[in-house]
Amino acid sequence: MNLLLLSNSTQHGRGYLEHALDTVTGFLPAGARLAFVPYALADHDTYTARVRGALADAGIDVRGVHEGADPLARLDEADAVFVGGGNSFRLLSALYRTGLREALIKAVRGGLPYMGASAGTNMAAPSLRTTNDMPIVEPPSFETLGLVPFQINPHYLDPDPGSTHKGETREERLREFLEENDVPVLGLREGSWLRVEGDRAVLGGERDARLFRRGTAPRELAAGSDLSELLDVRGEFDTGTRS
């Protein structure tokens, strides 16, 4: 498979996709017909126009899957697909409703390049369970696309030692996930991404990442790290807390 999984699409102080534009345009060559999936936000037209504007100078032809009678036909015409960020529950619900979930799995496993950002990156994992989003709608299942066999947590935030907030930190929430599920979780900080080409996975971007595994301390991963071993994991869900 050929995947580009971004933690975020907008970096503080920069325009849409600007922080990763060289990587994105390398992934999507000039002239590519890009099917954009805007379902994570409510206003599909405005969202698609934003992506189109960000990639116009690179000569990439952005076509929203909602622009036409059949989203699956738009996918069939594409040279690559981009699943944008927003609310992951709303996005997954729409993928089930439109039939795009099964179509994406088939197309991407058949060689169609897949780019995701935030919620779109969540979709590449086996399950929705490590998203940060509020469940504003109820999808038929938490089962996502399973393009990679491990979980991803985009927008990973480190604990703030000076904060007076007493709620759970992101690390605590991911540790709770691992109490009930035995599958690695890759925490992608803002400005980082994962590039998967065939049997090779490499961490890219401006920030390090954090890897969580059941029964071990979290591990820091420097940009450029080879994470190919994660492509061979076999995760188990609903395993319960080990005694």
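The shown structure was predicted, so the numbers you read here are calculated from the model rather than taken from an experiment.
- The aromatic rings of His44 and His66 sit perpendicular, their planes meeting at an angle over 60°, well past the 30° parallel limit.
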Using the salt bridge (charged side-chain N to carboxylate O under 4.0 Å, His left out) rule, take Asp238 and Arg129 through it: C-alpha gap first, then chi angles, then the decisive distance, then the call.
CA-CA 11 Å; Asp238 298 316; Arg129 299 181 200 207; 2.9 Å; yes

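- Between the side chains of Asp133 and Ser88, at least one donor-acceptor pair of N or O atoms lies under 3.5 Å.
- Looking at Glu77 and Arg33, no side-chain N of the basic residue comes within less than 4.0 Å of a carboxylate O on the acidic one, giving no salt bridge.
- Linking ILVMFWY residues whenever their side-chain heavy atoms come closer than 4.5 Å, directly or via other members, leaves Leu41 and Ile136 in distinct clusters.
- From Arg101, atom CZ reaches atom OG of Ser141 across 6.5 Å, with rounding to the nearest 0.5 Å.
- Between Thr131 and the options Thr121, Thr144, Asn122, Asn87, a side chain to side chain donor-acceptor pair (under 3.5 Å) holds for only Asn122.
- Using a 30° and 60° split on the angle between ring planes, Phe142 and Phe89 fall in the perpendicular class, above 60°.
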Asp76 and Arg74: salt bridge (charged side-chain N to carboxylate O under 4.0 Å, His left out), yes or no, with the steps?
CA-CA 5 Å; Asp76 289 340; Arg74 186 69 82 189; over 6 Å; no

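- Taking 4.5 Å as the limit, every side-chain heavy atom of Thr239 sits out of range of all side-chain heavy atoms of Glu180.
- When the shell of 6.0 Å around CG of Asp43 is examined, it contains more than 12 heavy atoms from other residues, nucleotides or ligands.
- Of the residues Arg210, Arg170, Arg189, the one that meets the side chain to side chain donor-acceptor pair (under 3.5 Å) test with Asp158 is Arg189.
- Cluster membership check: Leu92 shares its hydrophobic cluster with Phe150, using side-chain heavy-atom separations under 4.5 Å among Ile, Leu, Val, Met, Phe, Trp and Tyr.
- Side-chain atoms of His19 and Glu206 include no donor-acceptor pair closer than 3.5 Å.
- Within a 6.0 Å radius of CD in Glu220, other residues, nucleotides and ligands contribute more than 12 heavy atoms.
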